Amino acid sequence: MNKTNPAIIWFRQDLRVNDNQAFNAAVESGMPILPVYVLDNENAGEWALGIASRCWLIQSLTALNKSLEGHLRFFKGPADQIIPKLANEVNASGVYWGRCYEPWRIHRDQYIKTTLHQNNIQAKSFNNSLLFEPNRILKPDGTPYKVFTPFFRNGCLQATQQTDLTVKTASVRVFDQSPVGEDINELDFSLDSNLQAAVQNNWQPGELGALNQFNRFLDHGIQGYKEGRNFPGTDHVSRLSPHLHFGEISIRQVWHSIKNETEADREDIEHFLSELCWREFSYNLLYHRPEMPRKNLQEKFDKFPWRDNKKDFNKWRLGETGYPIVDAGMRELRQTGYMHNRVRMIVGSFLVKNMLLHWHHGKDWFWDSLFDADLANNSASWQWIAGCGADSMPYFRIFNPITQGRKFDPQGVYIRRHIPELAKIPAEHIHMPWVAGTKINYPTPILDLASTRKRALKALGSTRN
DNA sequence: ACGGCGGTTGAGGGT
DNA sequence: CACCCTCAACCGCCG
């Protein structure tokens, strides 16, 4: 093996150069590096990237390519064929990547690792995406936690130190002997112009954008986070979820910075850490219950009498239910590729409980619409709100969108931002615009809260044994 | 309106 | 006997 055997860095969900263990290991191997990205819809099957994810991804990759001075090379197709073939063609010394934990990826990557080893090519994977490997945090008896609070308190907070941040030492040499792959602009990402505009107008994908967003949160959001995070009209959530999903910022860096933040109150800090650990918890669940994206974790919900109503689903999807807080959330999603967490719970409860539609419909719509669409988080959260998940919200707790709106968006700041038709409605009527008596271009409620609530509770009865 | 989880407690039995 | 370990039963919490 001579000096020209490149070390392939296979970027996946770790689109950054700082605190990237795979990147550092490849550089430190002493071989020139060959950074690659593979857009793999084939191996992903039904979990191929949603439309919003693709619109974010191309921006993030463009940013990464820029920080790699244009040396990132692109491929499209099944990675289980492309990576071994490429490694052979360029006589790679090794392939380095950050681990992903979707069941299809675990399966695919294991195959790739074996194939590379059979060809005497090193294959090294690293934890670039989580604080803890998904099978690391276990109860004293060795079984996985099923409840979040002890997972967080006795598991995560007690776990020995997270891996320290890595520091780059060696200087980077790039492999440029034979051009491989394609230019990013030659790849077909099947983009959507509305969502592309949503990225441009609201976000800055990539490592720099992630850091900027994190610093904004440290400056303005974390102080008062515990309370403030419930109010979608204020600026108290981190909005880091898309950046974390694509690994544009290191979760270890976020954890350490927040933990050592001295300006904020202890309870604000601890609450934000717990939110980071909900993400860990979702990955833990997915690892131990790989069927989670499709199957109810509580089997008794398999008997639940879901309705099937395209018309209702469309009203929900488009934000035309007539309940302002629900519609504002669904419109925020369409306009910005994101939705405030409190509102995600409200729209989820409305779909599953008031409309009595299966959580799959919500999960699939979110998968296609969210820039932070993430298999573990999305499926765990939908099961949570639907009441069929582990450590779930009890099914009989049904959010009332009027009460929730009054409580968490009292003046209607959030509602007015996303539903301009309601801009002039006085605060006292903002959550029930139909009683205001003003003529406005906004639908009257498509369903009655009290009777649909009763219907849901009755439906719940049929899940008992 | 539920019910699973996990912390606690105490009985019982072994060393 | 004194101590400790195990395990089942119970209770309160919290999603």
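Every value quoted in this text rests on a predicted model; they were computed, and no experiment measured them. Note on naming: letters A, B, ... go to the chains in the order of the sequence lines (proteins, then strands), and numbering restarts at 1 for each one. In what follows, every heavy atom counts, from backbone to side chain, and hydrogens, waters and symmetry copies are set aside.
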So which pairs with a foot in residues 426-462 of chain A pass ring-ring contact (aromatic ring centres under 6.0 Å, His included), sequence neighbours left out? A:Tyr323-A:Trp434
Are there any protein N/O atoms within less than 3.5 Å of an N/O atom in nucleotides 3-10 of chain B, and if so, which ones and at what distance?
| unit_1 | atom_1 | unit_2 | atom_2 | d |
| --- | --- | --- | --- | --- |
| B:dG6 | OP2 | A:Lys139 | NZ | 2.7 |
| B:dG7 | OP1 | A:Asn154 | ND2 | 2.5 |

Kindly write out the residues that satisfy side-chain hydrogen bond (donor to acceptor under 3.5 Å, both in side chains) with A:Arg105, not counting sequence neighbours, or none if the list is empty. A:Glu102
Are a donor atom and an acceptor atom from the side chains of A:Glu133 and A:Tyr283 found within less than 3.5 Å of each other? no
Checking [X] now: which residues fulfil ring-ring contact (aromatic ring centres under 6.0 Å, His included) with it, not counting sequence neighbours?
{"X": "A:Phe399", "result": "none"}
{"X": "A:His361", "result": "A:Phe313"}
{"X": "A:Trp10", "result": "A:Trp97"}

How long is the line joining CG of A:Asn400 and C1' of B:dA1, in whole Å? 16 Å
Just grab all the salt bridge (charged side-chain N to carboxylate O under 4.0 Å, His left out) pairs involving [range], residues at least two apart or on different chains.
{"range": "residues 417-441 of chain A", "result": "A:Arg331-A:Glu421"}
{"range": "residues 338-349 of chain A", "result": "A:Arg344-A:Asp372"}
{"range": "residues 140-154 of chain A", "result": "A:Arg153-A:Glu270"}
{"range": "residues 271-280 of chain A", "result": "A:Arg229-A:Glu275"}

Scoring nucleotides 9-15 of chain C by protein non-hydrogen atoms under 4.0 Å (B base, S sugar-phosphate only, - none) yields ------B
Under 4.0 Å from any atom of DNA chain B, heavy atoms only: list the residues of residues 450-459 of chain A that qualify, in numerical order. A:Arg453, A:Leu457
